[in-house]
Amino acid sequence: MVVNFFKLLPKKDIILYIIFALLYSCQGIVIPVIIQMAGHLDSGNSQDLIVFTFSSISLWVVVYAFMYIENILLRSIIRAFNVRLSGNILKNYAVFPKKNSDSELCSLLTQDLGIVDQEFLQSFLISPVWGASVLVSVIYLLKQNLIVGSLFTVGAFLMILPQFIFKRKLKESGELLSSSKEKNLRAITDFGKGIETIICNQAEKENVRQTLVTLGEMEMTQFKYYTLQNLVMFWTGPLKAVGLIGPFVIGLVMKQNSITTLIAMMSASTYLINPLQQILEALSLIHISEPTRHSLIS
């Protein structure tokens with residue numbers, strides 16, 4: 001079924017997108033490279049300072065130019081995909097008009113198509129970019145020093161461990177909070193609409209109490225949700241310290257790399273966290289969008 005989606009993608013744009021996505025994936029080592037360049041800088045040499053300044057800025061500009069082109073290509077691919085898929089849906093409706101009602105057709109083109117666009121297609125196309133970014137950073141770390149680079153890599157993976165462990169609980173807590181908010185909204189709406197009847201029946205105190213109970217339940221659910229989020233953030237902190245400081249100290253003891261190189265490796269390690277988190281999120285969205293993808297292709 002996924003193959004049917006890929007047939008709708010513009011081939012030339014996909015090839016260009018892959019090229020520029022790979023080029024942009026080097027963004028994670030820009031700061032480390034600049035740090036290493038700064039380590040060899042002679043601050044008393046004005047020519048060195050000028051060369052360092054312009055080369056560093058140029059490096060940033062080039063990498064973000066790759067990002068700009070990659071984003072344009074991504075939007076171009078999504079635009080072509082949406083137009084082609086919409087065309088297929090309309091043609092199918094014209095041939096089999098009784099298969100879907102007018103409201104179902106409208107829902108497919110306005111809601112389901114947007115879900116597949118945002119949750120499936122974008123996630124699927126962006127995941128390899130983040131994956132390449134992780135790979136580039138890991139290669140950079142290992143190239144500087146195999147042992148210390150491996151420790152920094154493991155340390156980066158440790159930092160996302162709490163998010164991975166609590167992923168299911170966070171999802172369940174988020175769904176419970178969403179349901180609680182809907183229930184609270186209904187209670188407040190019903191209270192507002194029925195206020196005249198409530199006053200006539202002299203039931204103000206009882207209805208206020210019931211509405212406040214619903215509100216209190218929603219606030220408690222929200223409190224538990226954010227408490228769980230804070231717990232995840234709490235465990236991320238110590239693991240981040242272990243994952244960054246531990247390899248740095250080991251690198252100092254080994255005395256195989258300069259302090260500048262070790263700082264650059266530490267910086268590269270921190271740039272591993274966001275891509276790893278983005279990949280996990282993208283995989284989750286791809287899984288969630290599966291029922292909607294079936295409704296568009298069936």
Side-chain angles (χ1 to χ4, degrees), residues 78 82 86 89 93 98-124 126 159-240 273-274 276-298:
I78 291 171
N82 287 342
S86 297
I89 293 171
Y93 181 76
K98 293 184 179 180
K99 185 177 179 180
N100 298 107
S101 65
D102 294 346
S103 60
E104 288 174 335
L105 175 65
C106 184
S107 176
L108 285 174
L109 292 174
T110 59
Q111 296 183 21
D112 292 1
L113 187 63
I115 292 173
V116 171
D117 168 348
Q118 296 176 15
E119 295 185 356
F120 169 70
L121 187 58
Q122 290 190 49
S123 297
F124 197 91
I126 290 175
M159 296 176 214
I160 67 164
L161 199 57
Q163 185 179 3
F164 186 76
I165 292 174
F166 289 98
K167 181 181 177 181
R168 177 174 292 182
K169 286 187 176 181
L170 281 169
K171 181 182 177 183
E172 292 174 353
S173 182
E175 291 173 349
L176 187 63
L177 176 59
S178 178
S179 175
S180 181
K181 284 184 176 181
E182 290 178 4
K183 182 180 178 181
N184 182 58
L185 179 60
R186 286 196 301 270
I188 293 173
T189 302
D190 291 343
F191 180 80
K193 288 182 177 180
I195 188 63
E196 293 183 1
T197 304
I198 292 171
I199 293 173
C200 289
N201 294 329
Q202 296 182 347
E204 298 95 330
K205 289 184 179 180
E206 177 62 22
N207 279 272
V208 167
R209 187 189 65 79
Q210 291 178 356
T211 305
L212 284 175
V213 167
T214 306
L215 177 64
E217 291 174 351
M218 188 274 292
E219 290 292 344
M220 179 55 70
T221 305
Q222 187 165 254
F223 172 77
K224 290 179 179 179
Y225 173 73
Y226 286 111
T227 299
L228 183 59
Q229 277 194 334
N230 288 331
L231 180 62
V232 173
M233 291 300 296
F234 166 76
W235 284 113
T236 300
L239 289 173
K240 187 173 184 179
I273 304 170
N274 185 56
L276 289 170
Q277 291 175 330
Q278 293 293 337
I279 290 171
L280 289 175
E281 181 67 23
L283 291 176
S284 176
L285 289 174
I286 290 171
H287 177 70
I288 291 171
S289 68
E290 186 175 353
T292 308
R293 297 203 310 269
H294 281 292
S295 70
L296 288 175
I297 289 296
S298 61

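Nothing here was measured: the structure is a model prediction, and the numbers come from that model.
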- Task: For salt bridge (charged side-chain N to carboxylate O under 4.0 Å, His left out), just list the numbers for R209 and E206, CA-CA rounded to whole Å, side-chain angles, deciding distance to a tenth of an Å, and then say yes or no.
- Result: CA-CA 5 Å; R209 187 189 65 79; E206 177 62 22; 2.8 Å; yes
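With hydrogens and angles ignored, the 3.5 Å screen pairs no side-chain donor or acceptor of S173 with any backbone N or O of K169. The closest donor-acceptor contact from the side chain of T221 to the backbone of E217 lies under 3.5 Å.
Annotation: the span from E219 atom CD to K224 atom NZ amounts to 13.0 Å, rounded to 0.5 Å. Separating the CZ atom in F223 from the CG atom in L228 is a distance of 11.5 Å, to the nearest 0.5 Å. Interatomic distance, L185 CG to S180 OG, rounded to the nearest 0.5 Å: 11.0 Å.
In this structure, a donor-acceptor pair under 3.5 Å is absent between the side chains of Q222 and Y226.
Here the closest heavy-atom approach between residue L177 and residue M218 is recorded as CD1-O, 4.2 Å. Closest heavy-atom contact between P162 and V232: CB-O, 3.8 Å.
Within the 4.5 Å cutoff, side-chain heavy atoms of W235 are placed close to those of L231.
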